[in-house]
There are 2 protein chains.
Amino acid sequence: MKKKRISITDIANALQVTPSTVSRALNGGGKVSEKKRLEIISLAKKLGYRPNPIAKSLLANRTQTIGLILPEFTHHFYSRVLAGIESITSKAGYQLLICTSNENQNQEIKSTLTLLDARVDGILATISKMNDKFEHIQEVMDSGTPLVLVDRFSEEIETPYVISDDFKGAFSAVDYLCQIGCKNILHIKGPDNLSTTFNRFMGYKEALRKHNMPLKEELVLESSDPKLVEKIRLCLTRHQVDGAFTYSDYLAFEIYKLASQLKIQIPEELSVIGYADEPISTYISPTLSTVNQQPFEMGAMSARYLLNKINDPEVALEVKNLETKLMIRESCKVVETQS
Amino acid sequence: MKKKRISITDIANALQVTPSTVSRALNGGGKVSEKKRLEIISLAKKLGYRPNPIAKSLLANRTQTIGLILPEFTHHFYSRVLAGIESITSKAGYQLLICTSNENQNQEIKSTLTLLDARVDGILATISKMNDKFEHIQEVMDSGTPLVLVDRFSEEIETPYVISDDFKGAFSAVDYLCQIGCKNILHIKGPDNLSTTFNRFMGYKEALRKHNMPLKEELVLESSDPKLVEKIRLCLTRHQVDGAFTYSDYLAFEIYKLASQLKIQIPEELSVIGYADEPISTYISPTLSTVNQQPFEMGAMSARYLLNKINDPEVALEVKNLETKLMIRESCKVVETQS
DNA sequence: CTATATTGGTCAAACGTTTGACCTAGGGAG
DNA sequence: CTCCCTAGGTCAAACGTTTGACCAATATAG
């Protein structure tokens with residue numbers, strides 16, 4: 001049974017004053033003699049008084065809580081985003097109410113409702129991959145609850161968001177592959193209708209263009225393709241592929257497997273760059289070159305942004321595009337004289 | 001600015017009844033005519049009424065919230081624990097208030113206070129590695145807030161906990177190594193004064209005993225040893241080590257690296273088993289045998305246990321020891337005729 | 001026809017805190 | 001001495017909800 005915690009009225013009764021006086025003594029609102037103030041404070045300390053945030057919330061209509069919706073925790077990326085968010089919110093004295101959508105839009109909608117019901121002061125959310133409904137997002141905005149989207153956004157709805165600069169990230173990777181002399185660069189695209197998929201593909205195309213290399217349809221594959229493995233194999237054997245840039249690190253590992261089967265040496269015959277900088281990249285052999293999205297910073301930045309919005313509703317609608325970092329490791333061949 | 005949400009009194013005023021009637025109509029507490037009931041319900045729906053849990057909490061002295069303290073999120077293990085917890089609590093209609101200790105006891109103490117202040121209905125916590133203070137744990141227990149420790153515990157304080165059966169987990173791994181004929185089995189221990197370190201070591205010893213193999217001091221190393229890498233190298237070269245069981249998967253990868261340097265073939269010359277079943281284990285080559293601790297189940301079990309305690313304070317103090325699963329992969333040599 | 005039970009509701013307190021309005025006693029100015 | 005100011009407090013409302021006590025009207029039993 002939860003023990004009753006001592007309240008401001010308990011102190012008031014013990015000292016023959018009113019709760020108001022105790023409140024003012026504790027919060028420094030004047031109107032209380034120095035003597036009484038000290039008396040109250042010392043008794044409060046002695047009894048281990050701790051204010052009840054629930055009562056405060058009810059009155060103030062703010063909960064010092066921010067809601068977070070993430071698709072899942074198991075990818076390293078989201079763990080880092082979460083850590084980044086936590087680092088900021090905990091310092092600012094906010095609690096974190098966390099929900100998972102499991103990449104399922106219905107759960108996402110449910111979570112949104114839950115958070116709204118809980119009267120969180122703001123919401124950070126990564127919308128699920130498959131998203132075609134936006135009523136719940138609209139509802140959040142209508143409710144006046146500050147909202148910042150993280151990592152993914154949709155053009156269907158005008159919200160502030162913080163994302164990684166996928167275009168530049170992809171561009172830098174493919175640009176690098178070109179620089180070290182790759183002539184046939186394979187790209188494996190991510191899930192459809194995700195802005196990240198689109199932007200990374202654009203970055204790939206732009207880098208090719210910069211180096212006056214043609215875009216070859218047959219070198220662009222889709223991760224959702226059930227025959228993906230077959231098609232990669234085909235690419236590697238028929239099209240003299242000497243470079244690969246994949247939507248994710250895990251897709252890069254698929255290439256590792258096939259290369260090993262086909263006795264293709266990485267990086268001597270094939271340079272590979274993945275995306276996301278999962279920790280596994282540095283443990284696998286050869287260590288995988290990849291694009292780091294600074295997820296911790298992304299989380300921290302979203303949280304800072306949201307806190308700003310909470311404290312000043314007039315803060316401008318903004319879009320933050322976070323720089324990526326190209327991590328070159330053993331999976332890219334080394335050239336002596338770099339162009 | 002957060003929009004005022006419509007309250008039970010708003011409905012009451014609109015319909016010329018008292019808030020009590022509305023409350024009873026909505027919660028089915030009788031004492032309201034069918035006609036009025038329908039009227040109230042339909043207006044509530046129309047206005048999008050949603051009860052304010054904060055007001056309820058204040059009255060009921062329960063928040064439908066459970067507090068969670070984890071050391072960090074970035075290890076896959078804790079992500080899975082978190083996912084397991086979330087799967088249970090969300091179904092049961094509880095919110096999750098999450099804090100990180102960063103393996104730092106002071107932060108852990110601060111988090112505990114925060115959760116207590118927030119009046120959570122129960123706490124799930126993984127205490128940090130270095131722990132010598134228990135006043136905060138005691139304070140939780142004194143407050144009457146149900147508490148369940150997860151993954152780690154301390155004998156200094158009598159709390160219920162859910163852990164993985166490290167002894168059996170380690171035993172099964174080393175037992176397997178013995179069965180496939182390993183004669184000199186290296187063990188790398190984990191951080192000092194962690195119960196998991198101790199129990200896995202005990203499992204190692206017990207398995208050796210079962211197979212009548214002597215415990216060789218020189219084959220037991222400490223992960224915290226600054227000269228660890230040197231010592232592993234020494235073991236591998238001098239002591240005819242043909243099996244290795246490590247406290248973590250990552251330590252196993254250290255062995256992979258050294259084996260590769262020393263041209264020792266895994267698994268032909270050296271069979272390796274790690275611990276934790278990090279996803280990377282299946283991506284690395286050769287895929288790593290390891291001990292799966294069922295972290296998702298651990299989280300789920302802790303959450304179920306805590307919910308029981310919350311609903312019935314008389315529930316017995318118990319200790320749950322979760323079964324592990326030995327995952328045999330490519331890093332263990334295959335023998336035709338198994339003893 | 002009276003006593004009683006039932007139905008359908010109202011009232012007010014309670015949860016813990018904050019805060020504006022109000023009160024009172026004492027001190028200083030005129 | 002009266003008037004006003006101020007320091008130091010009290011009172012009550014408010015936040016949104018639940019709930020036990022109460023009450024009036026109607027129906028039922030005897």
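The sequence lines fix the lettering, A, B, ..., with proteins before strands; numbering per chain opens at 1.
Across the protein-nucleic acid pair, Glu39(B) atom CD and dG9(C) atom C1' stand 14 Å apart, rounded to whole Å. Look at CG on Asn61(A): it is 16 Å from C1' on dT19(C), rounded to the nearest Å. Going from atom CG of Leu38(B) over to atom C1' of dG8(C) covers 15 Å, rounded to whole Å.
Atoms CD and OG1, on Glu86(A) and Thr100(B) in that order, are 3.0 Å from each other to the nearest 0.5 Å. Distance check, rounded to the nearest 0.5 Å: CG of Leu149(B) to CD1 of Ile123(B) gives 10.0 Å. Within the model, atoms CG of Leu15(A) and CG of Leu43(A) stand 5.5 Å from one another, a figure rounded to the nearest 0.5 Å.
Note on the helix from dC1(C)-dG30(D) to dG30(C)-dC1(D): angle between the axes of the first and last five pairs equals 60°, rounded to 10 degrees.
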Exercise. With side-chain contact (heavy atoms from CB on, under 4.5 Å) as the test, would you mind laying out the steps for Glu108(A) and Asn131(A) before giving the verdict?
Key: CA-CA 10 Å; Glu108(A) 180 184 313; Asn131(A) 60 77; 5.5 Å; no

Practice problem: Determine, stepwise, if the pair Gln293(A) / Arg80(A) fulfils side-chain contact (heavy atoms from CB on, under 4.5 Å). | Solution: CA-CA 10 Å; Gln293(A) 302 167 280; Arg80(A) 294 302 294 162; over 6 Å; no

Exercise. Show your working on side-chain contact (heavy atoms from CB on, under 4.5 Å) between Lys4(B) and Asn61(A) and close with a plain yes or no.
Key: CA-CA 9 Å; Lys4(B) 193 182 164 316; Asn61(A) 200 26; 5.9 Å; no

Using nucleotides 13-17 of chain D, report all nitrogen or oxygen pairs with the protein that are shorter than 3.5 Å.
unit_1	atom_1	unit_2	atom_2	d
dG16(D)	N2	Ala55(B)	O	3.4
dT17(D)	OP1	Tyr49(B)	OH	2.6
dT17(D)	OP1	Asn52(B)	N	2.9
dT17(D)	OP2	Ile8(B)	N	2.5

Using nucleotides 6-9 of chain D, report all nitrogen or oxygen pairs with the protein that are shorter than 3.5 Å.
unit_1	atom_1	unit_2	atom_2	d
dG9(D)	OP2	Ser33(A)	N	2.5
dG9(D)	OP2	Ser33(A)	OG	2.7
dG9(D)	O6	Lys31(A)	NZ	2.7

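Residues Arg119(B) and Thr65(B) fail the side-chain proximity criterion, which asks for heavy atoms closer than 4.5 Å.
Side chain to side chain, Tyr78(A) and Asp151(A) meet the donor-acceptor criterion of an N or O pair below 3.5 Å. With 3.5 Å as the limit, one finds no donor-acceptor pair spanning the side chains of Ser111(A) and Thr114(A).
Look at Arg152(B) and Glu103(B) and you find a salt bridge, because one of the NZ, NE, NH1 or NH2 atoms lies within 4.0 Å of a carboxylate O, short of that distance.
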